K.L.:
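For reference, the structure I am asking about is given below.
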Amino acid sequence: MAALAVVAGIMTSSHGGAAELKDEIAPTGRLRVAIAISPAGGAFWSTRTETGYAGVPVDLGRAMADRLGVPVDYVVHQNSGQITDAADKGTWDVTFLPKDPEREARMAFGPVYEVADATYIVKPGSAVTGFATLDEPGVKVAAVNNTTTMRGAIAHLKNASVTGYQTYDEIFGLLQRGEIDAFALSRDQLNAMARKIPGTRVLDETFKKTVTAVAVPRGHDKALAFVTGFMTEAVSNGLLRRAYDANGLKETPLRTQ
C-alpha cells in the first residue's frame, strides 16, 4: 500500500510531479517497453502477430503507458540477456524479465509477478530418467544465452556441458533433430514444447525457482516507485489475471512475491 501511495502522490499532487515522473520514465515522450520474442509463451516471452505483438509484458506495458498518458513502443530483443545488456544504453524505459543477483546489479526491480520451476526436457528416445542420469560427461544441454536459467543450469550440472544459444527457435530445432540431449527452461514452457515434439519428456525434478519481475534502469527512483505501485495494483484489480488469460495462461495460477 505504501508503494501505491507514492504513485498516487507522484501522479496527482502536482503537474510538476507528474512531469518529473514522465521525464524519467518516458524521456522520449513514449514508454519504451523492452520485450523478448519467442513462441515459448509464458509470463515473460512475447510473440509477433499480424498487427504487432502479444504477450503478458505487451499487455502490462500498454496499460502502464495508458496510466502515464503516453503512447507505447515495444523494443524487441531475442532474449532476456539482450535486454539486460541494454539496461545502461538508454534504449528502453521499462521491462518485465527474470530476476537474479547479476541483473539486480544492472537494473532496479519491482514486484515479482511470476514464480516458475526450471527443469529440463530431454530429446526423443533419450535414456535419461532424471537429474542423476542427465548430469553425465558428454551430455549436451542447451539454454537461452545469458539468462537466469542458463546460469542456474551451469551451477546445477557438474558434468554435463551447458551451451547458450540466442533463440528458443534455434534450440527447438536442435532438440527436435536430436542434436542436443536436453534443454533447460521453465516447466510450463517445456510442457508446451513436449506437445509439439513427440517423444520428448520433461523431467519431474526442479533445479531452480525462476522469478519474473518488472524492472527499470538503475537510478530511476521515480520510475521504480511508479512501476512498483502499478504492479501491486495490477494484482489486486485483476489486470495481471486478465493479461494471463488473454495470452493462453488461463490455467496458470498467479504466483507473486
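What you see is a predicted model, and the numbers here were worked out from it, not measured in a lab. These numbers come from the heavy atoms of this one structure, side chains and all, not from hydrogens, waters or symmetry mates.
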K.L.:
Take Thr210 and Ser186, measure what side chain to side chain contact (heavy atoms under 4.5 Å, CB included) needs, and give me the verdict at the end.
P.N.:
CA-CA 8 Å; Thr210 300; Ser186 75; 5.8 Å; no
K.L.:
Run the side chain to side chain donor-acceptor pair (under 3.5 Å) test on Tyr244 and Glu251 for me, step by step, so that the C-alpha distance in whole Å, both residues' side-chain angles and the decisive distance to 0.1 Å come before the verdict.
P.N.:
CA-CA 9 Å; Tyr244 270 53; Glu251 303 303 318; over 6 Å; no
K.L.:
CD of Glu24 to CG of Leu21: how many Å apart, nearest 0.5 Å?
P.N.:
7.0 Å
K.L.:
Where do Leu134 and Ala160 come nearest, in terms of heavy atoms and distance?
P.N.:
O-CB, 3.7 Å
K.L.:
So, Arg241 and Asp245, do they make that salt bridge, N to O below 4.0 Å?
P.N.:
yes
K.L.:
Flag yes if Ile154 and Leu185 sit in one hydrophobic cluster, no otherwise; membership is Ile, Leu, Val, Met, Phe, Trp, Tyr, and two members link when side-chain heavy atoms are under 4.5 Å apart.
P.N.:
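Different clusters: Ile154 never reaches Leu185 through Ile, Leu, Val, Met, Phe, Trp or Tyr contacts under 4.5 Å.
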K.L.:
Give the cluster check for Trp45 versus Val33: same hydrophobic cluster or not, with ILVMFWY residues linked at side-chain heavy-atom distances below 4.5 Å.
P.N.:
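No: no chain of side-chain contacts under 4.5 Å links Trp45 to Val33.
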K.L.:
Heavy atoms, side chains only, cut-off 4.5 Å: are Phe207 and Phe131 in contact?
P.N.:
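Result yes, sub-4.5 Å side-chain heavy-atom pair found.
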K.L.:
Rounded to the nearest 0.5 Å, what separates atom CG in Leu203 from atom OG1 in Thr129?
P.N.:
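Here the interatomic distance stands at 8.0 Å.
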K.L.:
Look up atom CZ in Arg48 and atom OG in Ser38, then write down how far apart they are to the nearest 0.5 Å.
P.N.:
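Answer for the CZ-OG pair, Arg48 versus Ser38, is 11.5 Å.
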K.L.:
Ignoring hydrogens, what is the shortest heavy-atom contact between Arg187 and Thr206? Give both atom names and the distance.
P.N.:
NH2-OG1, 3.1 Å
K.L.:
Between the main-chain N or O of Ala34 and the side-chain N or O of Thr95, is there a donor-acceptor pair closer than 3.5 Å?
P.N.:
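Pair found, side chain donor or acceptor close to backbone of Ala34.
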K.L.:
Please say yes or no: joined through hydrophobic side-chain contacts below 4.5 Å, possibly via intermediate residues, are Val76 and Leu97 part of one cluster?
P.N.:
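Different clusters: Val76 never reaches Leu97 through Ile, Leu, Val, Met, Phe, Trp or Tyr contacts under 4.5 Å.
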K.L.:
Is it the case that atom CG in Asp204 sees more than 12 heavy atoms from other parts of the structure closer than 6.0 Å?
P.N.:
no
K.L.:
Got Phe109 and Arg103 here, is their nearest side-chain heavy-atom distance under 4.5 Å?
P.N.:
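Side chain of Phe109 against side chain of Arg103, heavy atoms only: contact under 4.5 Å found.
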K.L.:
Please tell me whether Leu68 and Tyr74 are part of a single hydrophobic cluster in this structure, the criterion being side-chain heavy atoms less than 4.5 Å apart.
P.N.:
yes
K.L.:
With distance as the sole test, does Asp181 use its side chain to make a donor-acceptor pair with the main-chain N or O of Lys140 at under 3.5 Å?
P.N.:
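Yes, because the side chain of Asp181 sits within donor-acceptor range (under 3.5 Å) of the backbone of Lys140.
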K.L.:
Taking the side chain as C-beta and beyond, is there a heavy-atom pair between Asp93 and Met64 under 4.5 Å?
P.N.:
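Counting from C-beta outward, Asp93 and Met64 never come under 4.5 Å.
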K.L.:
Are Asp100 and Arg151 packed together at the side-chain level, in the sense that at least one heavy-atom pair is separated by less than 4.5 angstrom?
P.N.:
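They are in side-chain contact.
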K.L.:
Are a donor atom and an acceptor atom from the side chains of Arg106 and Thr84 found within less than 3.5 Å of each other?
P.N.:
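No donor-acceptor contact under 3.5 Å links the two side chains.
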K.L.:
Indicate yes or no: at least one non-hydrogen side-chain atom of Thr47 is less than 4.5 angstrom from one of Tyr53.
P.N.:
no
K.L.:
For a 4.5 angstrom cut-off between non-hydrogen side-chain atoms, does Phe230 reach Leu239?
P.N.:
yes
K.L.:
Looking only at heavy atoms, what is the nearest atom pair of Ala143 and Phe183, with distance?
P.N.:
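Minimum heavy-atom contact is CA-CE1, 4.1 Å.
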K.L.:
Hey, are Asn247 and Asp59 close enough side-chain-wise for a donor-acceptor pair under 3.5 Å?
P.N.:
yes
K.L.:
Given side chain to side chain contact (heavy atoms under 4.5 Å, CB included), test Leu60 with Met231 step by step and report yes or no.
P.N.:
CA-CA 9 Å; Leu60 293 175; Met231 290 303 297; 4.0 Å; yes
K.L.:
Check whether any side-chain N or O of Asn145 sits under 3.5 Å from a backbone N or O of Gln166 as a donor-acceptor pair, and report yes or no.
P.N.:
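Side chain of Asn145 to backbone of Gln166, a donor-acceptor pair under 3.5 Å: no, none is there.
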K.L.:
Verify, without hydrogens or angle tests, whether Tyr113 (side chain) and Val235 (backbone) share a donor-acceptor contact under 3.5 angstrom.
P.N.:
no
K.L.:
What I'd like to find out is whether the side chain of Ile197 reaches to under 4.5 Å of the side chain of Pro124, using heavy atoms alone.
P.N.:
yes
K.L.:
Looking at Asp117 and Lys208, does any basic side-chain N land under 4.0 Å from a carboxylate oxygen?
P.N.:
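Not counted as a salt bridge, because no side-chain N and carboxylate O are separated by less than 4.0 Å.
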K.L.:
Looking only at heavy atoms, which two atoms of Val112 and Ala213 are closest? And how far apart?
P.N.:
CA-CB, 3.8 Å
K.L.:
Quick one: does any side-chain atom of Ser126 pair with a main-chain N or O of Lys123 as donor and acceptor, under 3.5 Å?
P.N.:
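It does not hold such a pair.
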K.L.:
Roughly how far, to the nearest 0.5 Å, is the NE2 atom of His77 from the OG1 atom of Thr167?
P.N.:
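Here the rounded value is 15.0 Å.
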K.L.:
If Ile, Leu, Val, Met, Phe, Trp and Tyr residues are connected whenever their side-chain heavy atoms lie under 4.5 Å apart, and connections chain through other members, are Tyr168 and Val141 in the same group?
P.N.:
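No.
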K.L.:
Closest approach of Gly61 and Val72, non-hydrogen atoms and distance?
P.N.:
O-CG2, 4.0 Å
K.L.:
Spell out, as yes or no, whether a donor-acceptor pair under 3.5 Å connects the side chain of Lys89 to the backbone of Asp85.
P.N.:
yes
K.L.:
To the nearest 0.5 angstrom, please state how far the OH atom of Tyr120 sits from the NE2 atom of His156.
P.N.:
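Answer for the OH-NE2 pair, Tyr120 versus His156, is 5.0 Å.
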K.L.:
Any chance NZ of Lys250 has more than 12 other-residue heavy atoms, nucleotides or ligands included, within less than 6.0 Å?
P.N.:
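It does not: Lys250 NZ has 12 such atoms or fewer within range.
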K.L.:
Walk me through it: do Ser236 and Glu233 pass the test side chain to side chain donor-acceptor pair (under 3.5 Å)?
P.N.:
CA-CA 5 Å; Ser236 63; Glu233 188 176 3; 6.0 Å; no
K.L.:
Using side chain to side chain contact (heavy atoms under 4.5 Å, CB included), reason through Tyr165 and Val144 one step at a time and then give a plain yes or no.
P.N.:
CA-CA 5 Å; Tyr165 297 86; Val144 180; over 6 Å; no
K.L.:
So which atom in Leu31 and which in Ile25 form the shortest heavy-atom distance, rounded to 0.1 Å?
P.N.:
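Reported closest heavy-atom pair: CD1-O, 3.5 Å.
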K.L.:
Using only atom types and a distance under 3.5 Å, with no angle test, would you say the side chain of Thr232 pairs donor to acceptor with the backbone of Thr228?
P.N.:
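Yes: the side chain of Thr232 pairs with the backbone of Thr228.
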K.L.:
Taking it one step at a time, do Val56 and Leu249 satisfy side chain to side chain contact (heavy atoms under 4.5 Å, CB included)?
P.N.:
CA-CA 9 Å; Val56 173; Leu249 300 173; 4.0 Å; yes
K.L.:
Atom CZ in Arg30, atom NZ in Lys22: separation rounded to 0.5 Å?
P.N.:
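Result: 13.5 Å between the selected atoms.
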K.L.:
Would you check if the side chain of Gln176 reaches a backbone N or O of Phe172 as a donor-acceptor pair within less than 3.5 Å?
P.N.:
no
K.L.:
Using atom types as modelled and distance alone, determine if a side-chain donor or acceptor of Arg32 lies under 3.5 Å from a backbone N or O of Gly90.
P.N.:
yes
K.L.:
Would you call Arg255-Asp188 a salt bridge at under 4.0 Å N-O?
P.N.:
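Salt bridge flag = yes for Asp188 with Arg255.
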K.L.:
Arg218 side chain to Glu104 main-chain N or O, any donor-acceptor pair under 3.5 Å?
P.N.:
yes
